[in-house]
Engineer: 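There's a structure below that I have some questions on.
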Amino acid sequence: MPPMPDPVSTARRQARLRRLSRAMAALCLALGAGVPLALAVYWLVAPTPAILAKAGLPSPEGGAVLGLPLRLAALAVSLVPVAVLLRGLMHARACFRAFAAGRIFAAEAVESLRGFAVAVFGATLLQPVAGAALSVLLSWGGPSGRGALVVSVGSDTLLSLLFAGTVAVMALVLAEALALADENAQFV
């Protein structure tokens, strides 16, 4: 016969989970505000050679710079995958808020977790597309005036897809557990 759970230790674990979940919900909100702001600052103040190097393009000769209209267009392209990721952060925040409220196995927590996974997956797929679009935009509208298409898919992309897939499967498992629990509750 298994030992009886200790109510004091259970209460401590649940309190710790609530504190951690509240902190994670706040972090999701802070990132949701901070990431687009940081991206805007990057596109507005980063030196031209750094921007072009990050896009996989050669630096211009003679110290030419990217103009404000081109920087704003590049910011708009960069915001596409970020917007999808921000939606995912809001799903994660909803999941953590449910956990903080003690609704650990609630349908809303599971759906929010699934929404987070789908958004991370989508943002990860959009990132190389946005990068390719940026390379074309920056090369044709930039200082060199020559068009170039740079497509980059690295191990970080593959790991992000694996992460999103793992979280999606975990959300499906939790949804199945909820369905089984509901089914079993009807027999009692």
Side-chain angles (χ1 to χ4, degrees), residues 20-44 46 50-57 66 70-101 103-142 147-179:
L20 181 59
S21 295
R22 281 192 297 272
M24 291 299 291
L27 181 60
C28 288
L29 191 59
L31 284 172
V35 168
L37 181 62
L39 190 61
V41 168
Y42 169 78
W43 281 110
L44 294 176
I51 290 173
L52 294 176
K54 186 165 174 53
L57 299 169
L66 298 174
L70 188 57
R71 286 175 180 260
L72 291 175
L75 171 61
V77 170
S78 298
L79 281 173
V80 172
V82 169
V84 174
L85 186 59
L86 294 178
R87 179 75 176 139
L89 282 174
M90 294 307 105
H91 280 292
R93 181 174 183 260
C95 181
F96 288 124
R97 289 183 61 159
F99 291 166
R103 296 185 307 273
I104 297 169
F105 293 110
E108 69 181 287
V110 173
E111 278 302 307
S112 296
L113 187 61
R114 186 189 65 76
F116 170 70
V118 168
V120 169
F121 194 85
T124 301
L125 290 178
L126 285 171
Q127 192 63 43
V129 174
L134 282 171
S135 70
V136 171
L137 176 69
L138 294 172
S139 62
W140 274 336
L149 173 64
V150 178
V151 178
S152 176
V153 177
S155 60
D156 58 334
T157 302
L158 299 176
L159 287 173
S160 292
L161 290 173
L162 176 65
F163 170 76
T166 301
V167 174
V169 169
M170 292 169 70
L172 287 172
V173 168
L174 288 173
E176 185 62 24
L178 282 174

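Values below: every heavy atom of this structure, side chains too, minus hydrogens, waters and symmetry copies. When a residue number appears, it is its place in the shown sequence, counting from 1.
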Engineer: Supply the atom-to-atom distance T124 OG1 to L159 CG, rounded to the nearest 0.5 angstrom.
Structural biologist: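 Rounded to the nearest 0.5 Å, the OG1-CG separation comes to 10.0 Å.
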Engineer: If we only count heavy atoms from C-beta on, is the L72 to L44 side-chain gap below 4.5 Å?
Structural biologist: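 The answer is yes; the side chains approach within 4.5 Å.
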Engineer: When rounded to the nearest 0.5 angstrom, what distance separates CG in L39 from CG in L75?
Structural biologist: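 Between atom CG of L39 and atom CG of L75 there are 5.5 Å.
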Engineer: Return the set of residues passing side chain to side chain donor-acceptor pair (under 3.5 Å) with S78 (not counting sequence neighbours), or none when no residue passes.
Structural biologist: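 Only W43 meet the side chain to side chain donor-acceptor pair (under 3.5 Å) criterion with S78.
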Engineer: What do you reckon, is CZ of R97 surrounded by more than 12 foreign heavy atoms closer than 6.0 Å?
Structural biologist: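 Count not over threshold, so no.
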Engineer: Could you tell me the separation between the CZ atom of F121 and the CZ atom of F116, rounded to the nearest 0.5 Å?
Structural biologist: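 CZ of F116 is found 13.5 Å from CZ of F121.
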Engineer: Measure the shortest side-chain to side-chain distance between L178 and V110 over non-hydrogen atoms and say whether it is less than 4.5 angstrom.
Structural biologist: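 A side-chain contact under 4.5 Å exists here.
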Engineer: Is the shortest heavy-atom distance from the side chain of L125 to the side chain of L161 under 4.5 Å?
Structural biologist: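 Counting from C-beta outward, L125 and L161 do come under 4.5 Å.
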Engineer: Return the CG to CG distance between L52 and L134, rounded to the nearest 0.5 Å.
Structural biologist: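 Going from CG on L52 over to CG on L134, the span is 11.0 Å.
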Engineer: Can you list the residues that meet the salt bridge (Lys or Arg N to Asp or Glu O under 4.0 Å) rule with R103, with sequence neighbours excluded?
Structural biologist: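 Expected list: E108.
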Engineer: Indicate the atoms forming the closest heavy-atom contact of V77 with A133, along with that distance.
Structural biologist: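 Heavy-atom minimum between the residues: CG1-CB, 4.0 Å.
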Engineer: Return the set of residues passing salt bridge (Lys or Arg N to Asp or Glu O under 4.0 Å) with R114 (not counting sequence neighbours), or none when no residue passes.
Structural biologist: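 In terms of salt bridge (Lys or Arg N to Asp or Glu O under 4.0 Å), with neighbours along the sequence ignored, R114 is linked to E111.
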Engineer: Check A55 against S135 and note the closest heavy-atom contact, atom names and distance.
Structural biologist: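 That would be O-CB, 4.1 Å.
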Engineer: What heavy-atom pair brings L138 and A74 nearest, and what distance separates the two atoms?
Structural biologist: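 Smallest heavy-atom distance, with atoms named: CD2-CB, 4.3 Å.
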Engineer: Might you point out which heavy atoms bring R71 and Y42 nearest each other, and give the distance in Å?
Structural biologist: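 The answer is NH1-O, 4.4 Å.
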Engineer: Should we say atom CZ of R87 is surrounded by more than 12 heavy atoms from elsewhere, each under 6.0 Å from it?
Structural biologist: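 Atom CZ in R87 is not packed in, count stays at 12 or less.
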Engineer: Which is it for V120 and V167 under the side-chain contact (heavy atoms from CB on, under 4.5 Å) test, yes or no, and what are the steps along the way?
Structural biologist: CA-CA 10 Å; V120 169; V167 174; over 6 Å; no
Engineer: If you compare all heavy atoms of L89 against all heavy atoms of C28, which two are closest, and at what distance to 0.1 Å?
Structural biologist: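 Scanning both residues completely, I find the closest heavy atoms to be O-CB, 3.6 Å.
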Engineer: So how far is it from L85 CG to M90 CE, rounded to the nearest 0.5 Å?
Structural biologist: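 That separation rounds to 9.5 Å.
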Engineer: If you compare all heavy atoms of A98 against all heavy atoms of A109, which two are closest, and at what distance to 0.1 Å?
Structural biologist: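 Between these two residues, the closest heavy atoms are CB-CB, 3.9 Å.
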Engineer: Report the C-alpha distance between I51 and L66 in whole Å, list the side-chain angles of each, state the deciding distance to 0.1 Å, and finish with yes or no for side-chain contact (heavy atoms from CB on, under 4.5 Å).
Structural biologist: CA-CA 9 Å; I51 290 173; L66 298 174; 3.8 Å; yes
